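Predicted model, so just to flag it, every value in this text is computed and none were measured.
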Amino acid sequence: MARKDRPAKKQTAASRKPNGGDKPLRGAERSAYFARREAAKVLRTVLEGDARRRAVGSIKSLVYSPSIRNKRATFALVCETLKLIKDVLRATNVLNSKWKRQEELLCVIAYDILFGKESSATGDAEKLLLSRKDKLRSALVHLLEKKRVKHIKELMPQCKISDMPKPRYVRVNTLKMDVESAILELTKQYAVDKDDMVPGLLKLPPSTDLHKHPLVLNGSIFMQGRASSMVAAALEPKPGWWVSLLSTEELIPSDVLDACSAPGNKTVHLAAIMKGKGKIIACELDKQRVKRLEATVRLAGATNVKVKHEDFLKLNPEEPHCSKIRAILLDPSCSGSGTAIDRLDHLLPSYAAVLDDTGNSDRLMKLAAFQKKALEHAFSFPAAERIVYSTCSIHQIENEDVVKSVLPLAASHGFQLAPVHPQWPRRGLPVLDGSQHLLRTDLVEDGEGFFIALFVRKADKRPEGYAERETCERYRSKRFLRKKMDFVNYFFNNRFRMLLYPQFRFKKQR
């Protein structure tokens with residue numbers, strides 16, 4: 001009796017030899033192979049986003065996403081590759097049409113070959129570069145000579161804050177956990193202090209790595225910098241905010257708008273401040289960033305957030321769903337110069353353009369024009385009473401200059417600058433009236449360079465027919481009392497008239 005052939009066991013990518021052989025990858029060879037592929041994936045995302053000037057995420061956030069398995073090796077490969085390797089590959093003409101689509105993978109493998117982590121011929125890309133090893137090394141030597149340095153490390157931008165210890169800040173997501181419970185859980189492993197500026201913000205030692213901590217993975221706490229956490233706190237939205245129409249005495253729940261919301265940390269912070277009540281509209285134009293925003297909202301359990309894949313500048317303030325927006329958080333695209341070191345943006349090709357001492361590069365001017373346009377649009381929402389404008393930039397052109405340019409328009413809509421976290425010592429540059437109300441964090445002193453401005457509409461400048469819930473309730477209460485008194489007066493006046501003058505009663509009966 002013939003024996004039935006057993007079906008061949010399906011090989012996974014992790015078990016089979018990438019070059020088509022039968023011998024599976026094992027140990028360090030297997031780890032190196034996958035680290036290169038994962039680094040190439042991150043590198044491709046970072047470089048594509050940098051070319052479009054619309055990053056999907058920072059290098060750190062992309063490397064530490066759940067899809068990356070070998071995080072430490074991948075992180076090292078991405079950082080080192082971005083320093084120099086693309087220039088070396090261009091010099092050796094390796095990036096021809098056939099390999100252009102795998103440029104990022106070639107960069108990562110070239111780094112391994114050039115800097116002592118000898119790569120085995122596990123794939124076609126590895127074989128190609130190993131056959132040109134001598135040309136790669138010769139191109140590297142020539143490039144170093146051209147730049148007048150002796151080692152690749154000398155090409156890294158020197159920054160005095162890169163080695164300074166920076167505390168790890170985490171924000172407790174009060175939608176899922178109270179602050180005291182979070183402190184109790186974290187103090188089992190770390191020293192924890194409460195921040196004196198932002199409620200629910202905790203400070204941990206600089207070396208703390210929480211990427212795999214259960215409270216981070218389940219959304220009970222968010223790793224968010226101190227300056228970033230100040231932004232939503234400055235808007236101060238209230239749970240159960242209402243907008244009222246005095247003409248119809250109708251009470252309408254008011255909304256909060258996060259105009260450029262991805263990746264969503266500030267959005268879900270707003271949701272926590274509002275205790276999950278009310279409604280937050282989170283706008284984002286980029287499709288990939290919308291996915292990340294939705295993931296952040298789900299992780300936080302922020303059920304009062306509605307994500308809209310839409311351009312904030314195309315929102316019509318006259319539409320019914322926009323006429324209820326009472327507070328706007330505007331954190332538009334910026335140079336990111338205030339977080340460049342933490343995000344590792346100084347490794348990106350575009351960063352050289354931002355390091356202009358005057359801060360007047362073409363890119364900065366284009367960013368400032370967009371920021372001004374977005375802020376001007378925010379003033380046009382009829383029920384808006386509070387608008388926060390923030391950037392993670394250190395450049396005056398994106399901060400004070402933008403605010404100064406919109407002040408006349410803001411005043412015409414009844415808005416004025418208001419103090420942001422008055423207890424904070426560092427204020428705006430003295431280049432405009434009201435600069436003492438602006439807030440800045442210092443790149444050296446605070447580890448982040450943020451800017452925050454708060455515009456508040458004067459009470460007597462609100463559009464006709466709009467009022468706070470309390471105002472409407474007082475109005476309705478006074479109107480009810482007035483009607484009641486009119487009835488009482490009418491009843492008693494007529495009653496007394498009939499008692500005093502019976503003839504009126506008799507005449508009426510006849």
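Partners of His213 by ring pair (Phe, Tyr, Trp, His ring centres under 6.0 Å), not counting sequence neighbours: none found. Applying the side chain to side chain contact (heavy atoms under 4.5 Å, CB included) test to Leu217 and every residue at least two apart in sequence or in another chain returns nothing. Scored by the side-chain hydrogen bond (donor to acceptor under 3.5 Å, both in side chains) test, Ser181 finds Asp178 as partners (sequence neighbours excluded).
The salt bridge (charged side-chain N to carboxylate O under 4.0 Å, His left out) analysis of residues 299-313, with sequence neighbours excluded, yields the pairs Lys308-Glu310. Annotation: salt bridge (charged side-chain N to carboxylate O under 4.0 Å, His left out) contacts involving residues 194-207, sequence neighbours excluded, comprise Glu180-Lys194, Asp195-Arg226, Asp196-Arg226. Contacts classified as salt bridge (charged side-chain N to carboxylate O under 4.0 Å, His left out) and involving residues 396-417 (residues at least two apart or in different chains) are given here: Glu400-Arg440.
Between Phe379 and Phe415, the two ring planes are tilted [angle within 30° to 60°].
A 4.5 Å side-chain heavy-atom check between Leu293 and Arg289 finds every atom pair outside the cut-off. By the 4.5 Å heavy-atom criterion applied to side chains, Arg427 and Leu439 are counted as neighbours. Using a 4.5 Å heavy-atom cutoff, the side chains of Val297 and Val307 are in contact. Between Ile452 and Val388, the closest side-chain pair of non-hydrogen atoms falls below 4.5 Å. Side-chain contact between Val268 and Asn173 is absent, with no heavy-atom pair separated by less than 4.5 Å.
Here the options are Arg326, Lys324, Lys458, Lys238, the test is salt bridge (charged side-chain N to carboxylate O under 4.0 Å, His left out), and the partner is Glu385; only Arg326 passes.
Listed for the Gln371 side chain is a donor-acceptor partner under 3.5 Å among the backbone atoms of Ser333.
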